[in-house]
There are 2 protein chains.
Amino acid sequence: MPEDTFLSLQPALLGFFINAPRYAYDLSREFEHDLGRVWRLGRSLMYAQLKELAEQGYLAMDVVTQPNRPARKIYYLTDAGRIRFAQWLNQPTMHIRNIRVEFLVRLYFFRTLNLPGLQELVTKQKAVLGEMEDALEKNAGDIQDDYWRLVVDFRLGQIRAVQQWLELCLQTV
Amino acid sequence: MPEDTFLSLQPALLGFFINAPRYAYDLSREFEHDLGRVWRLGRSLMYAQLKELAEQGYLAMDVVTQPNRPARKIYYLTDAGRIRFAQWLNQPTMHIRNIRVEFLVRLYFFRTLNLPGLQELVTKQKAVLGEMEDALEKNAGDIQDDYWRLVVDFRLGQIRAVQQWLELCLQTV
DNA sequence: AGAATCATGTAAGGGGTTACATGATTCG
DNA sequence: CGAATCATGTAACCCCTTACATGATTCT
């Protein structure tokens, strides 16, 4: 998807290290099980991502050698990583098309890590969606073109569906 | 957007050649004006895509030299191209996340080229969406996990919003 | 005996974006 | 006189996917 913005999901991986150090292979299995249907991330890429997060200083690494196996590279969170994750987690996503995966992943962490702040995040996210709506409706005002109006209506429909879902989300949690 | 399927938009470009031959620069300007807010496609990529479509036999090319300018490469539709476009146009999109751009682009062509068959396409698209719904609701039955239920509800919300929009679409046209 | 699991990755490829190159002409 | 337009692209880069490599162990 080729467009003006991209998914910001790399910091999300840090969440898996909150409770304990992990190595990539192990994490990849759990990841696939828990989030595989929401966020697809192949094993190869997992290795690469953890390496990158380490280069950025959010993870640090211990190497544990074992007989007859490749050495395990066990990653753990640094302080910077802990901060980065918290920051990522509590940020609303700015683009509708990313909400599906980004918000659902955030929700996953709020639940599995039993973290506070979901309500605030939902509030922020609703505000962002509200702004999107306003922006669309504003330039929907000067639409004489039927086609562009349909485009706008499509987007409004998607946004409003998300807003309703966010309500449901609050009730469930 | 890295996932299990990809956008099928290349054949859509053929639609711009239905009424007249074009060259890439010219097309790129019109494209940006008409569809720029729905489908982003840089000029460089336009050149590459037309070249590819020509290699695939859907477009053919004449070179028109002009003084003091690079030669114009004017592309026109082949019979194969005409068929390919019609086939693409009347196909529903199979993945929710692609509907926004694919369906809206199809709609654009139905309108600007004044083509018949939109109603049939909408019917097919609704059927596809109905199947998605069923599939989700089926394995929503054996959900005890709250999280997975929210994921399913999110998707159902998006699907239903599209279904409603499709109705609106029929009324407008 | 053959397949899957454990554990690491590398390499190649796909498909798109951004930046850069060229060179005349016309606009402000 | 400098910037934008016309018209073509190429090249580098980014990010992700798929395929492949290794080599012991355990499951069927």
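Chain naming here is simple, since letters A, B, ... match the order of the sequence lines and numbering starts at 1 in each. Computed over heavy atoms, backbone and side chain alike; hydrogens, waters and symmetry mates excluded.
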What's the closest nucleotide to the A:R43 side chain, out of C:dT8, D:dT8, C:dT10? C:dT8
Any side-chain N or O of B:Y47 below 4.0 angstrom from OP1/OP2 of D:dG9? no
Given atom CG of B:L13 and atom P of C:dG16, what is their separation to the nearest angstrom? 11 Å
Rounded to the nearest angstrom, tell me the gap between atom CD1 in A:I74 and atom C1' in C:dC6. 14 Å
Charged N to carboxylate O under 4.0 angstrom, A:R22 versus A:E30? yes
Could you check whether B:A24 gets within reach of a base, just the sugar-phosphate, or nothing at all, counting any heavy atom under 4.0 Å? sugar-phosphate
So, A:R40 and A:E32, do they make that salt bridge, N to O below 4.0 Å? no
Ignoring hydrogens, what is the shortest heavy-atom contact between B:F110 and B:P116? Give both atom names and the distance. CE2-O, 3.3 Å
So A:Q49, base contact, sugar-phosphate only, or nothing? Heavy-atom distance under 4.0 Å. sugar-phosphate
From CA spacing to verdict: salt bridge (charged side-chain N to carboxylate O under 4.0 Å, His left out), B:R160, B:E137: CA-CA 13 Å; B:R160 284 171 186 149; B:E137 270 162 351; 2.6 Å; yes
Quickly work out the A:Y75 OH to C:dA7 C1' distance and round it to whole Å. 12 Å
Atom CE of B:M46 to atom P of C:dT17: distance rounded to whole Å? 11 Å
Rounded to the nearest angstrom, tell me the gap between atom CZ in B:R22 and atom C1' in D:dT8. 17 Å
Under 4.0 angstrom between B:Y25 side-chain N/O and D:dT8 OP1 or OP2: no
Quantified as the angle between the terminal helix axes (five pairs each), what is the overall bend of the helix from C:dA1-D:dT28 to C:dG28-D:dC1 to 10 degrees? 30°
Within the structure, does a side-chain N or O atom of B:Y23 lie under 4.0 Å from either OP1 or OP2 of D:dT8? no
If you measure only the distance, is there a donor-acceptor pair under 3.5 Å linking the side chains of A:R72 and A:Y23? yes
Choose from C:dT8, D:dG9, D:dT8 the nucleotide whose nearest atom is closest to any side-chain atom of B:K73. D:dG9
Within 45° of the axis and under 6.0 Å from the centre of the six-membered ring of A:W165, does NZ or CZ of B:R155 qualify? no
Give a yes/no on whether any side-chain N or O of B:R40 is located under 4.0 angstrom from OP1 or OP2 of C:dG16. no
Relative to the 5' end of DNA chain C, which residue comes earlier, A:S44 or A:R72, by the nucleotide with the nearest heavy atom? A:R72
Using only atom types and a distance under 3.5 Å, with no angle test, would you say the side chain of A:Q119 pairs donor to acceptor with the backbone of A:L170? no
Taking protein heavy atoms under 4.0 Å as touching, what does nucleotides 23-28 of chain C look like 5' to 3' if B marks base contact, S marks sugar-phosphate-only contact and - marks none? -SS---
Could you state the CD-C1' distance from B:Q66 to D:dT8, rounded to the nearest angstrom? 10 Å
The single option from B:V101, B:D34, B:L104 passing side chain to side chain contact (heavy atoms under 4.5 Å, CB included) against B:W39: B:V101
Atom-to-atom span, CG of A:L45 to P of D:dT17 - whole angstrom: 6 Å
Any salt bridge between B:E120 and B:K124, counting N to O under 4.0 Å? no
Taking CH2 from A:W39 and P from D:dC15, how many angstroms apart are they, rounded to a whole number? 14 Å
For residues A:Q163 and A:E133, is any side-chain donor paired with an opposing acceptor at under 3.5 Å? yes
Regarding B:A48, tell me which of base, sugar-phosphate or nothing describes its non-hydrogen contacts under 4.0 Å with the strands shown. nothing
